[in-house]
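First comes the structure, then the notes that go with it.
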Amino acid sequence: MTSSLFRGRPRRATAHIRARVAHAVLGALVGAGWLVLPVMTVDTRDPVPVAPAGAVASAAASSQAGTSAADLVLPLVAGVAAVALAGFGWLRRTRRARTRTTPGTVSAHPPVPAPAASERQARAALRLADDCVRTSREELSFVRERFGEQRTEPFTHALRAAGTELSAAFAVWRRYEEGVPQEAGARRQALAGVIGRCAEAGRRLDAQAEALDRLRDLTAEGEGMRAALEVAEERFRELAARAMAAQRTLAALRERYARSVAGSVTGYVEQAKDRLVFAGARLNEARQAADVGETRRAAWQLRAGEGAVAQAGVLVGGVERLAAQVREAAGLVPAALTGAEAELAAARRTAPAPGEPEARPAEVRRESGRGSPAPGEPAARSAHVDGVLAVVREELTGGPYDPLDALRRITRAVERLTGVRSGVLGAAALLVARSSVAGAEEFVGVHRGAVGAEARARLAEAARELGAGSAGWADVVAGEARRLADRDVRAHGTEGDATGPAGAVLGGILLGEDPDGGPPPAFGGPQTRSRLHR
């Protein structure tokens, strides 16, 4: 569609030129009329009586000759002047159009942002959109708990649509990181697509922010604030009891299994307690502000308290999830060992002859080289599987071990040999992948104030692979996401143990716009997420 600027200027220029041409034509017509008029009146008889002959006749003849000369000169001068003025105006207009420095027309080839600037913009858009989706999901959980599924369906739908757009943006960005596409123009279009999808995700949430505020009715004097406080305080009390139980669960895991079992949730109980302290203070302030009619401040404090309660739930839930998965993995290890031995024996029976090419699944080829023998060496890979199984048996009978890590080593070794994922080995690989993806998701969620786009993109990829059934690759990518997120948190200047307002900013509970942490984010996209102010 043509710009209004592009449409308007040329039309005005054409109008000016047409006016000048019309003036020139009019002047030429007038001049021609003056030239033709004397000729047309030469034979016309004088209607008045003729004067006597003689001196009078000679004077009249002289006068007629002078008049005829004047009639010829004046029109000619006028016509030449009109043509000259029109030509001068046209030349001046052309020169001004060529040397214009002020905006007049829209260029057919607008400047394209430099790739580095576009990449920075895409990273920022991914991070912001991901934060908006996570924050909206947290607040919606409180709203749904109060109003139920049916009344919150429009917000659930908007959140789901925003998540779909964000997932697609992460997929395009991940391919861009891998060098696809390769052409410069196509890569610029890919970045534009990432930014556009992130913007669409934000618009989906922005469009429902006002409706959610009306439903909650936090800033009006009524039941809205009191009911919201009751929901948050009830969840707060439940989490306080669960946090104490999680501390005991974590201690039991460390006593029974290897210390590496609890490595992925180290510090979670302490962080959960800090979030609960922060939440308790904010919820108390919200109730006090509501009692004196300061509705805006009450809404600000309520949202900050809700965010802290939600993150405390993630941290406590992470410990509970890990404990359940470790127990499940411990029960699968003996069966996985038996299944691996059977697959190894079958692989040896069907091993290709020396020099014969082997067929290996795409995912197995993709994972080859990660600590396993090179492709084309069946005997070496068989020996590698034998060694892995022997070490796991020794750990199982000789002392504390890590059941999830044991399953990971068993399934990876067998998959690199045969590509088998069915039966008990398939269930073991799926359990390991779910644990890895969930652990990375929890860590990114409670440290999102510091985690960048790369870690989030790996996490999104891991979730896609898990949903597609590629458990082994999902586990690998989730591990990369967790390592990148750890790096970002360390670069931020903390090890994840920040407390109080600093911990709230690190977790994205406060936006960090002011020295005291700034406003809390709310359900919505970039245009509405920071609408709460004291």
Side-chain angles (χ1 to χ4, degrees), residues 124-146 152 154-167 169-170 197-213 215-216 218 228 231-232 235 271 275 278-279 282-283 286 299-315 317 441-453 455-456 459-460 463 485 488 501 503-514 517-534:
L126 286 168
R127 183 173 176 177
L128 178 57
D130 191 47
D131 281 348
C132 290
V133 169
R134 291 176 182 276
T135 298
S136 299
R137 186 183 298 123
E138 288 177 355
E139 182 173 1
L140 185 57
S141 69
F142 290 92
V143 181
R144 188 183 295 117
E145 188 171 341
R146 178 186 170 194
T152 57
F155 314 113
T156 302
H157 177 75
L159 182 59
R160 189 181 302 117
T164 300
E165 294 289 345
L166 179 61
S167 178
F170 272 127
R197 285 189 176 275
C198 290
E200 178 61 23
R203 283 193 292 269
R204 297 273 189 167
L205 298 173
D206 283 328
Q208 292 294 331
E210 184 178 354
L212 185 134
D213 287 346
L215 179 64
R216 301 202 76 184
L218 299 180
V231 171
R235 195 184 294 189
Q271 292 178 56
R275 298 292 192 273
F278 181 87
R282 299 297 181 176
L283 294 177
W300 192 102
Q301 301 291 357
L302 172 68
R303 272 300 303 133
E306 287 178 340
V309 168
Q311 289 202 3
V314 172
L315 292 162
E441 171 67 30
E442 291 156 1
F443 187 85
V444 170
V446 298
H447 298 89
R448 61 177 177 263
V451 177
R456 299 175 194 236
L459 177 57
D488 292 342
V505 172
L506 177 64
I509 299 169
L510 301 178
L511 293 176
E513 297 175 356
D514 300 320
F523 182 103
Q527 302 300 319
T528 58
R529 67 190 299 252
S530 59
R531 62 187 179 276
L532 294 178
H533 295 278
R534 285 183 291 185

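The figures that follow rest on heavy atoms only: side chains count, while hydrogens, waters and symmetry mates do not. All values derive from a computational prediction rather than experimental measurement.
- Looking at residues two or more places apart in sequence or on another chain, you find no side chain to side chain donor-acceptor pair (under 3.5 Å) involving T164.
- The CG atom of L532 lies 13.0 Å from the CZ atom of F523; values are rounded to the nearest 0.5 Å.
- Under the salt bridge (charged side-chain N to carboxylate O under 4.0 Å, His left out) criterion, the residue pairs touching residues 157-167 are E165-R197, with sequence neighbours excluded.
- Listed by chain and residue number, E200 satisfy the side chain to side chain donor-acceptor pair (under 3.5 Å) test with R204 (two or more places apart in sequence, or in another chain).
- Separating the CD atom in E139 from the CG atom in L159 is a distance of 11.0 Å, to the nearest 0.5 Å.
- Counting heavy-atom neighbours within 6.0 Å of E145 CD, excluding the residue itself, gives a total above 12.
- To the nearest 0.5 Å, atom OG1 of residue T135 and atom CG of residue L140 are 12.0 Å apart.
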Can you check side chain to side chain contact (heavy atoms under 4.5 Å, CB included) on L128 and R529, steps first, answer last? CA-CA 10 Å; L128 178 57; R529 67 190 299 252; 3.7 Å; yes
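- Looking at R235, its side chain never comes within 3.5 Å of a backbone N or O of A232 through a donor-acceptor pair.
- Residues meeting the side chain to side chain donor-acceptor pair (under 3.5 Å) test with E306, sequence neighbours left out: R216, R303.
- Listed by chain and number, the residues in a side chain to side chain donor-acceptor pair (under 3.5 Å) with T528 are D206 (sequence neighbours excluded).
- Here the side chains of R282 and L510 are in contact, with some heavy-atom distance below 4.5 Å.
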Determine, stepwise, if the pair S136 / Q208 fulfils side chain to side chain contact (heavy atoms under 4.5 Å, CB included). CA-CA 10 Å; S136 299; Q208 292 294 331; over 6 Å; no
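- Using a 4.5 Å heavy-atom cutoff, the side chains of Q311 and Q271 are not in contact.
- Qualifying salt bridge (charged side-chain N to carboxylate O under 4.0 Å, His left out) partners for D131, counting only residues two or more places apart in sequence or in other chains: R456.
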